[in-house]
Participant: 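Right, I'll just put the structure down here and ask away after.
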Amino acid sequence: MKWDKYKGKDIIPLWVADMDFCSPPAIIDALQKRIAHGVFGYTIPPADLNKIVVAMLEAEYGWSVKPQWLVWLPGLVTGLNVACRAVGEDRDAVMTATPVYPPFLSAPGSSRRKLVKVPLREEQNRWGFDFDRLESAITPDTRLFLLCNPHNPVGRVFTHDELKTLAAICEKHDIVICSDEIHCGLLLDSDKTHIPTATLAPEVAQRTITLMSPSKTFNLPGLGCAFAIISEEKLRRRFIAAMAGIVPHVNAMGFTAAAAAYRDCSDWHAGLLDYLRENRNCVARAVNAIPLLSLAPVEATYLAWIDVRSCDLKNPVKSFEDAGVGLQDGIEFDGRGFVRLNFGCARALLEKALERMAAAIERYVISK
Ligand SMILES: Cc1ncc(COP(=O)(O)O)c(C=O)c1O
């Protein structure tokens, strides 16, 4: 999808959030073995997969999860939509903080819920929640908060204090939290740690639906395998009930890849983070050196949320496409005046794209 969009054109595709890298060899081997088996019937999660996930959550986050809390899904977006349908009633409100990954904005409406958007605040070159504004936007029918952490597109890893404050507000107003943590394996700042929302306190876990997947970290989005972790039984039952008859089984390849990802790929993962960290530094240096463009520090993800508001461009994405770089339009994230750049690609390609962007802005400045 990423490369087909500009097929036959000299436009470097740095838009949709997958990486140009091959998946780890251990995953490719596991998939090849599974294919050699030759029978592709209905598949339940492989016996050891739940154990592998439980062990990973314990090792990475000190989070003790029971295998029965896991609900397998063919994608995180499915999980966001199921969460909206599972919590509250028709016409109840679902809140989120913007800009945000577009399905956060569409899932409530698709699920007969009202969307309430509260803007994130950029202060001293750092994005964060505006807790006062957020709390005052809550109404008695607000039932669900869709949280993205690490955050796509602003790249923040929310701190313990930020998450605590958010969870306390949700607690006070009896709001369920759906915590999309798909980017949790992509922390680029070594002094930061990912804190799963549900690990803040047992009472927070009771109201939290966590969504995770190996798809971003190990570059497997085309295999469609994700999972929810829901410790509270009634909430889990409602979630499973909302899936019934609509959400398909996870496919055999997705399960196989997930097991290999979480079991056999830690060295590959460490190497990936080193490479992405350098790419991130390269983007930050280049973008902040281009007049009129700026970028707040990217703490996690391979996505850079670039502020182009100082350029008076009618259609920034079109201008960068004309210069040979395909970016994603901030408008889709409810972030007009921004573009999102995906740096999950070979460094030489990234450098070429950044040079093209610099040249485009230089031409723009001269034309003014
Ligand atoms: C925050 C977030 N959630 C979900 C997804 C997509 O998840 P899936 O492909 O599993 O539906 C993405 C992909 O970019 C994402 O950034």
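Remember, it's 1-based here, ligands and their atoms both numbered in the order they're listed. What you see is a predicted model, and the numbers here were worked out from it, not measured in a lab.
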Participant: What atoms of ligand 1 come closer than 4.0 angstrom to any heavy atom of His183?
Facilitator: 1 (C), 15 (C), 16 (O)
Participant: For atom 6 (C) of ligand 1, what's the nearest protein heavy-atom neighbour? Residue, atom name and distance, please.
Facilitator: Tyr101 OH, 3.2 Å
Participant: Ligand 1 and Leu76, any nitrogen or oxygen pair closer than 3.5 angstrom?
Facilitator: yes
Participant: Please identify which atoms of ligand 1 are closer than 4.0 Å to at least one heavy atom of Ala17.
Facilitator: 14 (O)
Participant: For Asn288 and Ser294, indicate whether the former's side chain and the latter's backbone hold a donor-acceptor pair under 3.5 Å.
Facilitator: no
Participant: For ligand 1, is there an N or O atom under 3.5 Å from any N or O atom of Asp180?
Facilitator: yes
Participant: With ring-ring contact (aromatic ring centres under 6.0 Å, His included) as the criterion, how do His269 and Phe218 come out once you've worked through the C-alpha distance, each side chain's angles and the decisive distance to 0.1 Å?
Facilitator: CA-CA 7 Å; His269 184 196; Phe218 301 97; 5.6 Å; yes
Participant: Could you list the atoms of ligand 1 found under 4.0 angstrom from a heavy atom of Gly75?
Facilitator: 10 (O), 11 (O)
Participant: What I want to know is whether Phe104 and ligand 1 share at least one N or O pair that is separated by under 3.5 angstrom.
Facilitator: no
Participant: Tell me yes or no: between the side chains of Trp72 and Asn50, is some donor less than 3.5 Å from an acceptor?
Facilitator: yes
Participant: Tell me whether Lys216 has any N or O atom under 3.5 angstrom from an N or O of ligand 1.
Facilitator: yes
Participant: Check Asn152 against ligand 1 and report side chain, backbone, both or neither, counting heavy atoms closer than 4.0 Å.
Facilitator: side chain
Participant: Measure from the ring center of Phe104 to the ring center of Phe333 and say whether it is less than 6.0 Å.
Facilitator: no
Participant: Indicate the ring-plane relationship of Phe21 and Tyr275, choosing parallel, tilted or perpendicular according to the 30° and 60° boundaries.
Facilitator: perpendicular
Participant: Could you go step by step and tell me if Trp127 and Phe338 meet the ring-ring contact (aromatic ring centres under 6.0 Å, His included) rule?
Facilitator: CA-CA 14 Å; Trp127 290 90; Phe338 288 78; 5.7 Å; yes
Participant: Is ligand 1 under 4.0 Å from a heavy atom in the side chain of Cys148, in the backbone, in both, or in neither?
Facilitator: side chain
Participant: Only one of Asn149, Thr197, Thr210 clears side-chain hydrogen bond (donor to acceptor under 3.5 Å, both in side chains) with Ser179; which?
Facilitator: Thr197
Participant: CG of Asp90: more than 12 outside heavy atoms within 6.0 angstrom?
Facilitator: yes
Participant: Hey, is atom 11 (O) of ligand 1 under 4.0 Å from any protein heavy atom?
Facilitator: yes
